[in-house]
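I have placed the structure first, in the form of structure tokens, so that the comments after it can refer back to it.
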Amino acid sequence: MKIAERQELKGPSLTIKWALASSFFIFVVFTIFSVITYKSSVRLIVEKERENIERTVAEVANRLSNAKEELTVSEVYERLKAPSVDENDLTNKKVAVEGSLMEMDNMLSELGQPALFLSVYDTNGTLLFETQKEKNVLVKKAKQTAVIKTIDDTTGFLIIQPVFSQENREKIGYIQGFYELSSFYDIRNRLLFILIILEIISLILSSILGFILSSYFLKPLKVLRDTMDTIRKDPQSNIHMPDIHSNDELADLAEIFNEMLDRMRRYIEQQEQFVEDVSHELRTPVAIIEGHLNLLNRWGKEDPEVLEESLQASLQEIIRMKSLVQEMLDLSRAEQVDIQYSNHTSNAKQVVYQVFNNFKILYPDFAITLDDDLPHEEVLGIYRNHFEQLLIIILDNAVKYSTTRKEVHISISKTLNEFEIAIQDFGEGIPEEDLDKIFNRFYRVDKARARNKGGNGLGLSIAKQLVENYKGRIDAESVIHQGTIFRIYIPIIEKNKTKEQDS
Ligand code: ADP
């Protein structure tokens, strides 16, 4: 089958939308992640640097505080070289000296950091000691906690610590520390650069991956769309969705679509068949009436006998046509019943007894019996009028196709969850090969004879349609020239489930 030309989409395809959505999502997630990583790393590094300078300045201040009076160049040098020890503690002296040496080593290495500019001043602000030759002008003669400042185009932590003598609590000088943050800025910039590169890579990768994955997962959807498009352009085409083995919603969709398609095609076929059957059925009475009218037109109207006969015959055909139209209407209503009447119920005994009594009155020459095996009333899941219509169709046939033995036996019983009614006659019977066809529309075993009896061949198809709408069944058993039994099974509704009882 030629696939009709594909119709263009009005907007971007789902694949593109999916790819864009997934990359946008990854972009947002990654950006949040990057911002958090960046912020917390920066804060951590800054805190570490601050601690570093504070510790160094505090340590230097501690050593210088051992001086008794105003700091001098030599005093500062001495104090920094030989840290404070408790000189009276002789027992610990050795340990203390060793400890001090180690401390001294530590101190020296800390003071030797290239990023650190540490200077010591006396109370007048005169420089006494410096670790480097730059940034050694005392910014102010007051305590300054570590703050970020720019001195000579360099940004770093500035800290000023006044030194007090331990002995007399007098201010004896100042320490100024400046810790250059250039390496921190380097690290920060590198981190930013890496995060941006990673973000771009993840964006590209997620777009590509999103595109590949969505193309893969949405492939069946494209096939479904193309199939639908083909059917739209060529409703007569016989194509189906190919099987999808992904076992997901799309596979389900394809299956549902195929089922729908089959049902629709069956329905269209039935409709076509129906229209064909109807026109075929109507042709005969129309032809008969036409024949009679022609006859009358030519010479019959002069002859009262022919006139009478032709009028009678035409009237007969019109009655037949009327009943045919009524039955066709019934059939089409029966086909739409399932949604409308799905909640309706009826009382089994009540309806059966009523129809049984009516038939006894209508056909007094028939021996109609009812064998009731139901211990008590049962509620059936069928609309009362439809149940009645069903019984009338079968009983009508039983009477209509009876021959010499004018008897009809009805029996009602139940199984666990089904009501059963059997209607038996002792008439002409149905040949075995016709048994499975009698429920088809317009099917009559003996066309000529059925015509005489007024049958259109629609009764049983209405009955079958009705009973199946209510999830019931109907079947027939027959022996030719002996009789026929029709059995109908209808689901019983449990009493506590009955919503709406139609009695
Ligand atoms: P009709 O209007 O012709 O009776 P139905 O659909 O009711 O149409 O029945 C279809 C055909 O089945 C009938 O034409 C008849 O040949 C056969 N049939 C139905 N019921 C019986 C019966 N009780 N005994 C013998 N034949 C029957």
Please determine whether salt bridge (charged side-chain N to carboxylate O under 4.0 Å, His left out) holds for the pair E269 and R265, giving the CA-CA distance in whole Å, both sets of side-chain angles, and the decisive distance to 0.1 Å. CA-CA 6 Å; E269 242 166 58; R265 284 177 180 150; over 6 Å; no

| said: Using the rule side-chain contact (heavy atoms from CB on, under 4.5 Å), only one of I151, D152, I159 pairs with F178; which is it? | reply: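 So, applying the side-chain contact (heavy atoms from CB on, under 4.5 Å) to F178 and each of I151, D152, I159, only I151 qualifies.
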
State which residue, out of V379, I493, V351, fulfils the side-chain contact (heavy atoms from CB on, under 4.5 Å) condition with S346.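 Considering V379, I493, V351, a side-chain contact (heavy atoms from CB on, under 4.5 Å) with S346 is found only for V351.
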
Does a side-chain heavy-atom distance below 4.5 Å link [X] with [Y]?
X    : Y    : result
I474 : I394 : yes
L250 : L224 : no
R55  : N52  : yes
L391 : I421 : yes
N469 : Q465 : yes
T369 : V408 : no
V467 : L390 : yes
F157 : V147 : no

Hey, are [Y] and [X] close enough side-chain-wise for a donor-acceptor pair under 3.5 Å?
X    : Y    : value
N294 : E290 : no
D373 : S411 : no
N385 : Q389 : no
T15  : S214 : no

Q) Is the backbone of E305 close enough, under 3.5 Å, to the side chain of D303 for a donor and an acceptor to pair up by distance? A)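 Checking the backbone N and O of E305 against the side chain of D303, a donor-acceptor pair under 3.5 Å is found.
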
Backbone of A251 reached by a side-chain donor or acceptor of D248 within 3.5 Å
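Checked: pair present.
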
| query | How far apart are the C-alpha atoms of R266 and D262, what are their side-chain angles, what is the distance that settles it, and do they pass the salt bridge (charged side-chain N to carboxylate O under 4.0 Å, His left out) test? | reply | CA-CA 6 Å; R266 246 193 340 265; D262 283 342; 5.6 Å; no

Relative to each other, are the rings of F426 and H409 parallel, tilted or perpendicular (30° and 60° limits)?
->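 Perpendicular.
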
Q) Do the ring planes of F356 and Y353 sit parallel (below 30°), tilted (30 to 60°) or perpendicular (above 60°)? A)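 Rings of F356 and Y353: perpendicular, over 60°.
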
Other residues, nucleotides, ligands: >12 heavy atoms within 6.0 Å of [X] [atom1]:
X    : atom1 : value
K219 : NZ    : no
E249 : CD    : no
H240 : NE2   : yes
E420 : CD    : yes
E433 : CD    : yes
Y185 : OH    : yes
Y363 : OH    : yes
D153 : CG    : no

Out of curiosity, [X] [atom1] to [Y] [atom2], how far, rounded to the nearest 0.5 Å?
X    : Y    : atom1 : atom2 : result
D425 : I423 : CG    : CD1   : 9.5 Å
F27  : E199 : CZ    : CD    : 5.0 Å
I36  : S34  : CD1   : OG    : 9.5 Å
L158 : K149 : CG    : NZ    : 6.5 Å
F439 : E468 : CZ    : CD    : 9.0 Å
F486 : I438 : CZ    : CD1   : 4.0 Å

E418/R473 under side-chain contact (heavy atoms from CB on, under 4.5 Å): CA gap, chis, key distance, verdict:
CA-CA 10 Å; E418 260 183 344; R473 292 170 287 134; 2.7 Å; yes

| task | State plainly whether the residues R263 and E259 are in salt-bridge range, i.e. N to O under 4.0 Å. | result |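 E259 and R263: not salt-bridged.
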
- Message: I need the single residue from Y383, Y470, F387 that forms a ring pair (Phe, Tyr, Trp, His ring centres under 6.0 Å) with H344. Which is it?
- Response: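 Single ring pair (Phe, Tyr, Trp, His ring centres under 6.0 Å) partner of H344 among Y383, Y470, F387: Y383.
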
Six-ring centre of F419, K414 cation under 6.0 angstrom, axis tolerance 45°
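No; the conditions do not both hold, so K414 does not lie above the ring face of F419.
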
Original post:
Where do I492 and L380 land on the side-chain contact (heavy atoms from CB on, under 4.5 Å) test, with the steps shown first?
Top reply: CA-CA 5 Å; I492 293 175; L380 308 183; 3.9 Å; yes

inquiry  = What verdict does the side-chain contact (heavy atoms from CB on, under 4.5 Å) test give for I16 and F211, after you've listed the backbone C-alpha separation in whole Å, the side-chain angles of each residue and the deciding distance to 0.1 Å?
reply    = CA-CA 7 Å; I16 302 285; F211 187 79; 3.7 Å; yes

Margin query: Could you walk me through whether E407 and F366 satisfy the side-chain contact (heavy atoms from CB on, under 4.5 Å) test, starting with their C-alpha distance in whole Å, then the side-chain angles of each, then the deciding distance to 0.1 Å, before giving a yes or no?
Written below: CA-CA 6 Å; E407 272 177 53; F366 269 79; over 6 Å; no

At their closest point, which heavy atom of [X] faces which heavy atom of [Y], and how far apart are they?
X    : Y    : answer
L295 : S310 : CD2-OG, 3.7 Å
Q350 : E377 : N-OE2, 3.2 Å
L195 : F30  : O-CE2, 4.0 Å
F274 : L331 : CE1-CD2, 3.8 Å
F359 : I392 : CZ-O, 4.0 Å
A19  : S23  : O-OG, 2.8 Å

Item to complete: Carefully, step by step, assess S478 and T484 under the rule side-chain hydrogen bond (donor to acceptor under 3.5 Å, both in side chains).
Response: CA-CA 4 Å; S478 185; T484 310; 3.0 Å; yes

- Message: With side chain to side chain donor-acceptor pair (under 3.5 Å) as the test, pick out the partner of N456 among R441, E281, E327, Q326.
- Response: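 Checked R441, E281, E327, Q326 against N456; only one passes side chain to side chain donor-acceptor pair (under 3.5 Å): E327.
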
